[in-house]
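Comments concern the structure below.
Chain letters run A, B, ... following the sequence lines, proteins first, then strands; residues in each count from 1.
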There are 2 protein chains.
Amino acid sequence: MITRAHDARTAILDSAERLFASRGFAATTIKQIAAESSQNSALIYYYYDSKASLYRHVLERVINEIRSEAAKRLTDDSDPESVITAVVESQVAVLNNRPSLQVLLARELIDWKAAHAEPAIRSLSATLFERLRLAIAAGQGTGAFRADLDPTFAAISVIAQVGYLVLARPVAGILLGRGTDGPAPDDIRRFGKHAAAFALSGLRGPVATDLQTSFRAEGGS
Amino acid sequence: MITRAHDARTAILDSAERLFASRGFAATTIKQIAAESSQNSALIYYYYDSKASLYRHVLERVINEIRSEAAKRLTDDSDPESVITAVVESQVAVLNNRPSLQVLLARELIDWKAAHAEPAIRSLSATLFERLRLAIAAGQGTGAFRADLDPTFAAISVIAQVGYLVLARPVAGILLGRGTDGPAPDDIRRFGKHAAAFALSGLRGPVATDLQTSFRAEGGS
DNA sequence: GTCTATAGGCTGATAGAC
DNA sequence: GTCTATCAGCCTATAGAC
């Protein structure tokens, strides 16, 4: 289960991930995966039932990595503002460290309407997203955040910012003057800081209430 | 140039747009397009040089529709806040009226890194996006918006919200309790209203004042 | 302009030697 | 486990009748 066999299996999975991410499922051939991983194309069918099965295994691994990366950054005792910052920072980290993860997920969304990833997305939704939503609702409860926003909509607005940078990478690159290769890693880091500040500012609302007179200068300190 | 010929040509274009949008370029075959449009598959090669050429024509038409739809909603004398609202509403309108337009653009981004759409995106960037960015900068100049945000980043945050709903449609659907088919048209309308409000709130900042000095009362909850 | 027929190439997948 | 050889089917694209 380990050593040579493990290596070949993993090499196939790695190459498949790269190619599925960069070209898409339909445009990637088994022979391309074999060549990229320096393995025999028939060996792919020894380890995986079909191209579709290989894709499902690739996707499963990607989803687990995204889940664990995100979970790692969320401690249980965070205040609402920290939760929001942590979520955005986690998006930036995944995006900068393993770009193909989110690209592959993006393709899954658009190519299969998330048919393979639906259980995983529901799971992430029930844990991570729900945590973000509850943090926003909690902030509204204490008066820290304006109460007239729908917490679910607001949570989507939080994740949408960096999410858009992933999904519309070439557009973001052009808008930032970097061309269609997309934003540079440092652009993404800086945009992440902006996104967190923008979201917090949007949540706090236009006027600090009498009960909640604390705010901090973002970007200045 | 009109009547029968025009009809066949347009029918091919229509079906190609639908199929390229829903399945992607590589997964769509010429015969599928022929069947969907009730035309002979060889006729497609009479009107278009190749599958790739047909795709480019489809994309060109889509881009022109997006551009004209967006331009229609932007008058020249709008104040900063109206510009932001108009941009978001224009996104919602396109998304609800012609969903395949933005899906096709999304696929172009991810499948070809916007290689075919780059000139159009640059053009849109130089007009529409620049207009949004300048509106934000103008608002900052009058003190209506907080000055510590990068106008380009802020403009991306504005368009990212509805943009994410398009690109991550199945995710948004799950998060909103609608399943992988994505948000309902009414969800999108309501989210559009939220997105404009959220963006304006984020831009206005925690205090409505022309002075950007702020109190330091950390952890004041 | 619209059709039938088909070429030529590549794809996913399998059989079977080692 | 890893390899070679190969098949059946589908794909884009073209030739040529009408």
Side-chain angles (χ1 to χ4, degrees), chain A residues 1-62 104 107-108 110-112 115-116, chain B residues 1-62 104 107-108 110-112 115-116:
Chain A
M1 250 203 206
I2 315 189
T3 63
R4 293 260 305 280
H6 178 265
D7 285 349
R9 220 176 191 281
T10 306
I12 291 166
L13 219 51
D14 289 344
S15 295
E17 179 184 313
R18 254 193 306 276
L19 286 167
F20 283 149
S22 66
R23 308 181 185 195
F25 177 82
T28 299
T29 72
I30 292 290
K31 303 224 160 150
Q32 285 168 358
I33 296 170
E36 233 260 345
S37 59
S38 306
Q39 304 294 327
N40 190 285
S41 69
L43 194 63
I44 295 178
Y45 288 96
Y46 176 78
Y47 285 118
Y48 302 95
D49 287 343
S50 63
K51 187 184 170 186
S53 163
L54 171 58
Y55 173 75
R56 283 192 295 272
H57 280 87
V58 166
L59 194 67
E60 187 183 18
R61 191 176 64 161
V62 159
L104 204 87
R107 284 192 183 279
E108 164 65 16
I110 200 157
D111 280 345
W112 310 104
H116 309 95
Chain B
M1 250 202 207
I2 314 188
T3 64
R4 293 261 305 280
H6 178 264
D7 285 347
R9 221 176 190 281
T10 307
I12 290 165
L13 219 51
D14 289 343
S15 295
E17 179 184 311
R18 253 192 306 278
L19 287 167
F20 284 150
S22 66
R23 309 182 185 193
F25 178 83
T28 299
T29 72
I30 292 289
K31 302 221 161 156
Q32 286 167 0
I33 296 171
E36 233 259 345
S37 59
S38 306
Q39 305 294 328
N40 190 285
S41 69
L43 194 63
I44 295 177
Y45 288 96
Y46 175 78
Y47 285 119
Y48 303 96
D49 287 343
S50 63
K51 186 182 170 186
S53 163
L54 171 58
Y55 172 75
R56 284 192 295 271
H57 280 87
V58 167
L59 194 67
E60 188 184 16
R61 194 178 62 162
V62 159
L104 205 87
R107 285 193 182 278
E108 163 65 16
I110 199 156
D111 279 347
W112 310 104
H116 310 94

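Put simply, the side chain of A/Ser37 gets close to the backbone of A/Ala34: a donor and an acceptor are under 3.5 Å apart. A donor-acceptor pair is defined here as one N or O able to donate and one able to accept, closer than 3.5 Å; no such pair exists between the side chain of B/Glu17 and the backbone of B/Arg61.
In this entry the distance linking CD of A/Gln32 with C1' of C/dG12 reads 13 Å, nearest Å. Between the CD1 atom of A/Ile12 and the C1' atom of D/dG1 there is a distance of 11 Å, given to the nearest Å. In this structure, B/Tyr46 atom OH and C/dT4 atom P are separated by 17 Å, rounded to whole Å. Distance A/Tyr55 OH to C/dG12 P: 15 Å, rounded to the nearest Å. If you measure from atom CD1 of B/Ile30 to atom P of C/dA7, you get 20 Å, rounded to the nearest angstrom.
Note on B/Ser50: only backbone sugar-phosphate atoms sit closer than 4.0 angstrom, heavy atoms only; bases stay farther off. Across all strands shown, B/Ser53 has no heavy atoms under 4.0 Å from either base or sugar-phosphate atoms.
Between B/Trp112 and B/Tyr55, the ring-plane angle classifies as tilted under the 30° and 60° cut-offs.
For C/dA13, the OP1/OP2 oxygens have no side-chain nitrogen or oxygen of A/Tyr48 closer than 4.0 Å. Remark: B/Tyr47 is in phosphate contact with C/dT2, judged by side-chain N or O atoms under 4.0 Å from OP1 or OP2. One finds no side-chain N or O of B/Tyr45 lying less than 4.0 angstrom from the OP1 or OP2 phosphate oxygen of D/dT14. The phosphate of C/dT4 (OP1 or OP2) has a side-chain N or O of B/Asn40 nearer than 4.0 angstrom.
Taking the side chain of B/Lys31 as heavy atoms from C-beta on, and the options C/dG12, D/dT12, C/dG1, the nearest nucleotide is D/dT12. Among D/dT12, C/dT2, C/dT14, the nucleotide with an atom closest to any side-chain atom of B/Lys51 is D/dT12. With D/dT2, D/dC11, C/dA15 as the choices, the nucleotide that has an atom nearest any side-chain atom of B/Thr29 turns out to be D/dC11.
Projected onto DNA chain C by closest heavy-atom contact, B/Ser41 and A/Phe25 fall at different nucleotides, the more 5' of which corresponds to B/Ser41.
For B/His57 and B/Tyr47, the ring centers sit 6.0 Å or farther from each other.
No cation-pi contact links A/Arg9 to A/Tyr46, judged by a cut-off of 6.0 Å to the six-membered ring centre and 45° from its axis.
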